[in-house]
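A note on names: the letters A, B, ... follow the listed sequences, proteins ahead of strands, and every chain is numbered from 1. All values reported here derive from a predicted model rather than from experimental measurement.
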Number of protein chains: 2
Amino acid sequence: MPKNKMIQTAEQVETLLKRNHLSVTDSRKKILQLFLEQAGALAHGDIEKRAGERFDRVTVYRTLQSFVDKGIIHTIPTADNSVRYALCKDDCEEGHHHDHHIHFLCIKCNNTYCLDDVVTPEIKLPKGYTISHVEVVVDGICKNCGT
Amino acid sequence: MPKNKMIQTAEQVETLLKRNHLSVTDSRKKILQLFLEQAGALAHGDIEKRAGERFDRVTVYRTLQSFVDKGIIHTIPTADNSVRYALCKDDCEEGHHHDHHIHFLCIKCNNTYCLDDVVTPEIKLPKGYTISHVEVVVDGICKNCGT
DNA sequence: AATATTTTGCAACAGTGTTGCTTTTTGTTA
DNA sequence: TAACAAAAAGCAACACTGTTGCAAAATATT
């Protein structure tokens with residue numbers, strides 16, 4: 001990564017933290033940076049690994065939780081019982097979710113992507129049901145892994 | 001529950017197990033009966049509780065796994081990182097899934113239902129993505145909890 | 001009824017996530 | 001910039017979930 005890009009990201013990270021009234025700490029900077037550098041979603045395990053074993057497990061959990069609370073990242077439900085977190089482009093960076101996009105899980109590279117441009121379709125339920133939220137998770141092969 | 005209904009269910013359970021080439025054991029009978037008596041989905045924890053503390057945790061896990069393998073039940077992904085299992089009416093009892101229905105999670109009673117009549121909608125993805133499976137989970141209030 | 005096969009229960013373990021508490025770091029105010 | 005208050009990190013311990021290997025028990029088969 002070119003040096004000026006890195007500096008830019010570091011500034012971006014600090015701004016993002018301050019904007020969300022979070023004190024700027026090493027772990028928050030590092031973990032947020034991981035999300036910004038990464039197109040897909042990250043599981044807790046990924047983060048521990050990529051952060052270079054520098055932070056305590058508990059710190060990572062608490063950092064992720066604070067990010068979720070502030071609306072910087074959001075969780076993605078998966079079938080395999082592992083929580084994944086994603087920082088969505090655009091709106092989500094501003095601190096409020098527009099979580100009506102679908103999630104895509106590549107069965108080849110095992111990455112999870114937020115497809116921000118694909119909105120969740122209307123679902124018609126039988127009488128008596130009230131809809132509060134619709135979550136769509138699509139499994140398949142992503143455009144990087146497809147021929 | 002009336003006595004003849006119970007006997008009927010017991011027979012139904014044995015038939016179902018034998019049809020799937022599973023030996024008829026106490027735990028399998030009891031756990032399968034739980035699914036037949038219950039409209040919604042069950043988490044591992046629910047099953048341990050409702051079975052009356054009679055079976056080892058490991059046995060419950062293995063029983064559920066064998067049911068999934070045989071196609072008697074299927075798993076439902078949830079946002080809260082807990083796997084739920086559901087026996088779907090009709091086709092699924094025959095040993096093969098028609099898992100194109102959506103799942104509904106009531107935020108009041110916390111039950112999960114398979115809405116067999118509601119099929120998953122078509123999802124259009126950007127070029128380059130190949131769809132293998134679409135999972136739709138809707139949160140809201142079920143018809144029992146709605147006024 | 002005897003035997004082979006399958007399943008159960010137990011013990012131990014790994015992974016994931018949480019809580020309480022002390023030390024360290026961050027932010028603030030003088 | 002030094003001193004202080006507030007917040008976060010790190011550590012230890014714990015709870016929960018799920019898995020594996022193995023001996024004992026139950027089921028299926030002859």
Next item on the list: Give a yes-or-no answer on whether the side chains of B:Arg62 and B:Ser27 include a donor-acceptor pair shorter than 3.5 Å.
Entry: no
Notebook entry, point to check: Side-chain contact, heavy-atom cut-off 4.5 Å: B:Glu135 with B:Ile102?
Noted result: no
Notebook entry, point to check: What is the distance from CZ of B:Arg28 to P of D:dA26, rounded to the nearest Å?
Noted result: 15 Å
Notebook entry, point to check: A:Lys70 has an atom NZ; how far is it from atom C1' of D:dA8, in whole Å?
Noted result: 14 Å
Item checked: Beyond-backbone contact of B:Lys70 with B:Leu22, side-chain heavy atoms, under 4.5 angstrom -> yes
Next item on the list: Taking the side chain as every heavy atom from C-beta outward, state whether B:Lys30 and B:Arg54 have any pair of such atoms under 4.5 Å apart.
Entry: yes
Notebook entry, point to check: Judged by modelled atom types alone, do B:Thr112 and B:Arg84 share a side-chain donor-acceptor pair under 3.5 Å?
Noted result: yes
Notebook entry, point to check: Once you round it to whole Å, what is the distance between P of C:dC10 and CZ of B:Arg54?
Noted result: 14 Å
Next item on the list: List the protein contact pattern of nucleotides 25-30 of chain C with one symbol per nucleotide (5' to 3'): B for base contact, S for sugar-phosphate-only contact, - for none; contact means a heavy-atom distance under 4.0 Å.
Entry: -SS---
Check: In whole Å, what is the span from the CZ atom of A:Phe55 to the P atom of C:dT24?
Finding: 17 Å
Note to self: For A:Ala86, is there any backbone N or O sitting under 3.5 Å from a side-chain donor or acceptor partner on A:His74?
What the structure shows: yes
Checklist line | Between P of C:dG17 and CD1 of A:Ile47, the distance in whole Å | finding: 10 Å
Check: Expressed in angstrom and rounded to an integer, what is the separation of A:Arg84 atom CZ from C:dG17 atom P?
Finding: 12 Å
Next item on the list: Determine to 10° how strongly the helix from C:dA1-D:dT30 to C:dA30-D:dT1 is bent, judged from the axes of its five-pair ends.
Entry: 30°
Check: When every nucleotide of nucleotides 18-23 of chain C is labelled 5' to 3' by its protein contacts under 4.0 Å (heavy atoms), B for base, S for sugar-phosphate only, - for none, what sequence of letters results?
Finding: BBB---
Next item on the list: Using whole Å, report how far CG of A:Asp56 lies from P of D:dA7.
Entry: 21 Å
Notebook entry, point to check: Is any side-chain heavy atom of A:Tyr85 less than 4.5 Å from a side-chain heavy atom of A:Thr75?
Noted result: yes
Notebook entry, point to check: Expressed in angstrom and rounded to an integer, what is the separation of A:Leu64 atom CG from D:dA8 atom P?
Noted result: 14 Å
Next item on the list: Counting heavy atoms from C-beta on, name the nucleotide in D:dA9, C:dG9, D:dG18 closest to the side chain of A:Thr63.
Entry: D:dA9
Margin query: Measuring from the side chain of A:Thr59 (C-beta onward, heavy atoms only), which nucleotide among D:dG18, D:dG10, C:dG17 has the closest atom?
Written below: D:dG10
Item checked: Main-chain N/O of A:Val58 paired with A:Asp56 side-chain donor or acceptor, under 3.5 Å -> yes
Margin query: Over all strands shown, is A:Ser66 touching base, sugar-phosphate only, or nothing at heavy-atom distances under 4.0 angstrom?
Written below: nothing
Item checked: Check: A:Asn20 and A:Phe67 side chains under 4.5 Å, non-hydrogen atoms -> no
Margin query: Let me spell it out: for each of B:Gly45 and A:His21, pick the nucleotide of DNA chain D with the closest heavy atom. Which residue's pick is nearer the 5' end?
Written below: A:His21
